[in-house]
2 protein chains.
Amino acid sequence: MDGPSSPIAPSGRADAGVGTPWLDADEQRAWRAYVRMQGLLAARLNRELQLESGLSLADYDVLVQLTDTPEARLRPFELQHELQWEQSRLSHHLARMRRRGLVEREECSEDGRGAFVVLTEKGRQAITAAAPGHVGVVRRFFFDGLTREEVAMLERLTTRILDRLSDADAETQGDVG
Amino acid sequence: MDGPSSPIAPSGRADAGVGTPWLDADEQRAWRAYVRMQGLLAARLNRELQLESGLSLADYDVLVQLTDTPEARLRPFELQHELQWEQSRLSHHLARMRRRGLVEREECSEDGRGAFVVLTEKGRQAITAAAPGHVGVVRRFFFDGLTREEVAMLERLTTRILDRLSDADAETQGDVG
DNA sequence: GCGGAATAGATGATGCGTCATGTACGTTGA
DNA sequence: TCAACGTACATGACGCATCATCTATTCCGC
């Protein structure tokens with residue numbers, strides 16, 4: 001739970017000649033601010049959530065996905081797709097959550113390899129108890145500081161970056177040029 | 001290296017009555033996009049940096065701070081202030097970097113408790129080799145997707161959130177409020 | 001049907017981040 | 001001058017994330 005790098009280039013490099021892709025002064029400042037913001041924000045959200053409910057952000061995300069599903073159960077690979085997590089991260093995390101009684105494992109008759117992750121009553125109570133506080137923290141630290149135009153722009157902007165990241169993944173996978 | 005939570009509220013809660021601080025639909029979308037973006041971006045930056053140079057983002061940040069200083073050495077608490085890291089995280093991380101030969105420890109004559117963290121030649125070579133590629137990745141995935149206005153707005157916006165986070169810290173510390 | 005590939009998921013090793021706690025040194029004030 | 005307090009830093013335990021690797025099953029072409 002930390003974040004991308006801060007000052008980006010060593011020894012005050014900024015706006016160097018063509019060929020080297022350094023950032024200019026505006027970009028440097030923006031990058032530093034972004035990086036620091038996301039690091040502190042994530043740390044704060046994690047800490048508050050942990051203190052108030054004993055859940056980590058990762059737990060929270062998994063539980064939300066499960067409650068958003070009719071039967072409160074999902075195949076791990078579906079969960080993986082929703083959360084965009086690495087497979088082994090999910091596997092390890094589900095194992096830990098199972099140990100804590102937040103979810104259960106259920107065999108899958110249709111596919112002998114697979115399984116279902118099922119929300120337990122304890123899991124449901126945990127997410128129900130945690131959600132209002134967590135949303136409140138997000139609102140207090142994030143949205144209360146932004147105008148509606150900024151929120152809209154933020155969505156456009158982050159979505160665009162997201163597309164670039166996905167495109168790069170697709171290229172690496174599918175061997176397109 | 002992951003990120004804040006994704007869908008924020010369980011079971012499609014959005015725009016509920018007053019009292020409960022749920023997010024409305026716009027905020028939900030913006031939050032989801034932001035969270036996913038920062039998670040994937042951080043993962044990507046970390047992975048590329050690791051592959052190309054064997055450094056983590058955390059290593060990179062420490063090394064940049066050191067190279068930005070005249071004597072390439074800093075007191076841990078200075079580093080801590082620059083990076084905004086928890087003290088024990090820094091301590092652990094410096095220990096690991098020392099084991100790998102990226103930094104050295106030097107006793108501090110002025111303050112018997114303290115020490116200096118000194119950049120080694122190996123550390124300098126590592127950061128020098130890593131920087132262009134890393135900056136390139138940041139540019140490719142992030143800044144190339146943004147207009148200058150967006151960069152400017154992003155800086156304003158993140159700086160504002162940052163202030164809110166700092167204010168909250170100050171309140172918790174100094175018992176104001 | 002069978003052999004090879006793809007898919008679903010688990011696991012061990014290792015580095016990282018946080019919390020709680022410990023230790024040593026400095027500072028301050030009665 | 002010395003006790004109380006604050007500061008600088010280290011450490012152990014533990015949960016988390018990633019990488020490499022492993023197993024079991026299904027799919028697909030022949």
Nearest-angstrom distance from the residue atom [atom1] of [X] to [atom2] of [N]:
X       : N      : atom1 : atom2 : answer
A/His93 : C/dG9  : NE2   : P     : 17 Å
B/Leu51 : D/dT18 : CG    : P     : 13 Å
A/Phe77 : C/dA6  : CZ    : P     : 18 Å
B/Glu78 : D/dT7  : CD    : P     : 16 Å
A/Gln50 : D/dG15 : CD    : C1'   : 9 Å

In terms of side-chain geometry, is the basic nitrogen of [X] or [Y] positioned less than 4.0 Å from the acidic oxygen of its partner?
X        : Y        : result
B/Glu27  : A/Arg139 : yes
B/Arg96  : B/Asp59  : no
B/Glu150 : A/Arg160 : yes

> Any side-chain N or O of A/Arg75 less than 4.0 Å from the OP1 or OP2 oxygen of C/dG9?
Replying inline: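 Result: yes.
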
> Are A/Leu119 and A/Phe77 connected in a single hydrophobic cluster, I mean Ile/Leu/Val/Met/Phe/Trp/Tyr linked by side-chain heavy atoms less than 4.5 Å apart?
Replying inline: no

> Can a cation-pi geometry be assigned to A/Arg164 and B/Phe141, taking NZ or CZ under 6.0 Å from the six-membered ring centre and within 45° of the ring axis?
Replying inline: no

> When rounded to the nearest 0.5 angstrom, what is the spacing between CG in A/Leu63 and CD in A/Gln125?
Replying inline: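 Atom-to-atom, A/Leu63:CG and A/Gln125:CD are 12.0 Å apart.
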
> Roughly how far, to the nearest 0.5 Å, is CG of B/Asp61 from CG of B/Leu66?
Replying inline: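 Taking CG in B/Leu66 and CG in B/Asp61, the distance rounds to 11.0 Å.
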
>> Short of 4.0 Å, heavy atom to strand atom, which residues of residues 100-120 of chain A count as contacting DNA chain D?
In response: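 A/Asp111, A/Gly112, A/Arg113 - these, ordered by number, are the residues of the stretch whose heavy atoms sit under 4.0 Å from the strand.
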
Shorter than 3.5 Å, N or O on both sides, protein versus nucleotides 19-22 of chain D: list them out with atom names.
{"unit_1": "D/dC19", "atom_1": "OP2", "unit_2": "A/Glu86", "atom_2": "OE1", "d": "3.3"}
{"unit_1": "D/dC19", "atom_1": "OP2", "unit_2": "A/Glu86", "atom_2": "OE2", "d": "3.2"}
{"unit_1": "D/dC19", "atom_1": "N4", "unit_2": "A/Ser88", "atom_2": "OG", "d": "2.8"}

>> Working note: B/Arg98 + B/Glu104, criterion salt bridge (charged side-chain N to carboxylate O under 4.0 Å, His left out); need CA distance, chi angles, decisive distance, verdict.
In response: CA-CA 6 Å; B/Arg98 201 169 340 128; B/Glu104 272 172 0; over 6 Å; no

